[in-house]
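Below is one structure, written out as structure tokens; comments come after it.
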Number of protein chains: 2
Amino acid sequence: MARKQGSHSDITGPKVQDTALRLIAQHGYAAVSMRQIAAEVGVQAGALYNYTSDKQSLLFDLMQRHMQDLLDALHKADLQGDALARLETFTRFHIRFHLPRSDQVFVSYMELRNLDPENFAAIEAMRRRYEDALESILRDGEVEGIFHVPDTRVTTMALIAMLTGLSHWYREGGRLAMNTIETIYWDLVRKAVTA
Amino acid sequence: MARKQGSHSDITGPKVQDTALRLIAQHGYAAVSMRQIAAEVGVQAGALYNYTSDKQSLLFDLMQRHMQDLLDALHKADLQGDALARLETFTRFHIRFHLPRSDQVFVSYMELRNLDPENFAAIEAMRRRYEDALESILRDGEVEGIFHVPDTRVTTMALIAMLTGLSHWYREGGRLAMNTIETIYWDLVRKAVTA
DNA sequence: GTCTATAGCCGGATAGAC
DNA sequence: GTCTATCCGGCTATAGAC
């Protein structure tokens, strides 16, 4: 260790991603420089361009990976049962997935406006697919007569905002454990939508 | 008009604030330059420093004014009646205040990390006072037996996130009128907290 | 109160040596 | 794969003329 030169692609590659994520979450994309990222990684700025074509790609790759991980995990969550059961699964899944990823959540919500238009469109499409998963549960519950929601789209946006907001203030080791929080939120969601 | 020189403090002052708010909401504080603001105002960059001591003060003043306006308006909303009535007043007040101020809401939530530490503390304290107003309503309702919330603090954060999230996606002239939206959200809030 | 001009620094990205 | 060195431009903020 403490080598100043040499090849470290196995180590440096992930380290660039991790460092960029952390710094962008903390200071914002526009406020973080490539030199700053390089310094924390332990290389010179020029070396970063072996791992990303430019700064914009660095941001886009972080956000795309987060959204893809989210969609993959949702599909594996395999929602079953009636609409109420599926809503509980979705709610608990959302919290469990997002809480340990506060940096990713933060960046994915705060840095949308710093994406180039085509990158923005790609991320928005992925986000929309996730929202639609919740909305279809609400629609099914309405048909089944279990839920009573005046407008499924508005309710979808309201619930996701409520759930995601949790990631913005929850801190590990705080007053309440994740399990407790999860149950409190599920309670709020259930009561809000049931007839 | 179209004068290139001269004194315009009455016009330029507010214009600087308005322009800064709009540009920062659109691109982010770090991504917006003083030159850019000056260009949209119609002056040279140096002239901005007649209206703000530096860029940081420009941001802080915008956020402080927004939070002060919010607290002032809340006090005038004069919450009366039982906890349920006061919760409805609060909910409708929140939506009516925030919806026409999407740029202020956006900046006040997104740019917290770009505030200097002392400025951050000041804004956070103001935000906390607003949150506490809602929490005290929830506590009263719990005592009165009207509400059933497992944890007033968590519920406060959940409800505010839900309500404020509305400002992030609502666009005037969209599918639904503000009054309709307001009623949908009040319905969700009421059902989520009542016993 | 606004202008022009500029100081002094930092930004993204690239070239070529090793 | 990483380094050093550099191009070229943009940044905040200030100085002094009008």
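All heavy atoms count here, side chains included; hydrogens, waters and symmetry mates do not. In the text below, chain A, chain B and the rest are named by the order of the sequence lines, each starting its count at 1.
One interatomic measurement links the two molecules: CD1 of A:I37 to P of C:dC10, which rounds to 17 Å at whole-angstrom precision. What separates CG of A:L48 from P of D:dT2 is a distance of 9 Å, to the nearest Å. Note: CG (A:L59) to P (C:dG12) measures 13 Å, nearest angstrom. Remark: C1' of C:dC3 and OH of B:Y49 are 15 Å apart, rounded to the nearest angstrom. Whole-Å rounding puts the B:Q36 CD to D:dG10 P distance at 12 Å. Straight-line distance from the NZ atom of B:K55 to the C1' atom of D:dG10: 12 Å, rounded to whole Å. One atom, CD of A:Q44, and another, P of C:dA13, lie 17 Å apart when rounded to the nearest Å. Atom CE in A:M34 sits roughly 12 Å away from atom C1' in C:dT14 (whole-Å rounding).
Across the interface with DNA chain D, nearest-nucleotide mapping of A:V43 and A:R35 shows A:V43 to be the residue nearer the 5′ end. Between B:G46 and A:Q56, the residue whose closest nucleotide on DNA chain C is further toward the 5' end is B:G46. Map A:A31 and A:S53 each onto its nearest nucleotide of DNA chain C; the residue landing nearer the 5' end is A:A31.
Just one of A:L84, A:I137, A:L87 meets the side chain to side chain contact (heavy atoms under 4.5 Å, CB included) condition when paired with A:V193; it is A:L87.
Applying the 4.0 Å criterion to OP1 and OP2 of D:dT2, one finds that A:Y51 has a side-chain N or O inside that range. Residue B:T12 has no polar side-chain atom (N or O) positioned under 4.0 Å from OP1 or OP2 of C:dG1. For B:S33 and D:dC11, the shortest distance from a side-chain N or O to OP1 or OP2 is below 4.0 Å.
Residue A:V32 is in sugar-phosphate contact alone, with no base atom involved, counting any heavy-atom pair closer than 4.0 Å across all strands shown.
Listed for the A:R86 side chain is no donor-acceptor partner under 3.5 Å among the backbone atoms of A:G141. Not a single donor-acceptor pair under 3.5 Å links the side chain of B:Q104 to the backbone N or O of B:H66.
Under the 6.0 Å cut-off for aromatic ring centres, B:Y130 and B:F90 qualify, their centroids lying closer than that. If you look at B:Y170 and B:H98, their ring centroids are not closer than 6.0 Å.
For A:A47, counting side-chain heavy atoms from C-beta on, the closest listed nucleotide (D:dC3, D:dT14, D:dG1) is D:dC3. Distance from the side chain of A:N50 is smallest to D:dT2 among C:dG12, D:dT2, C:dG1.
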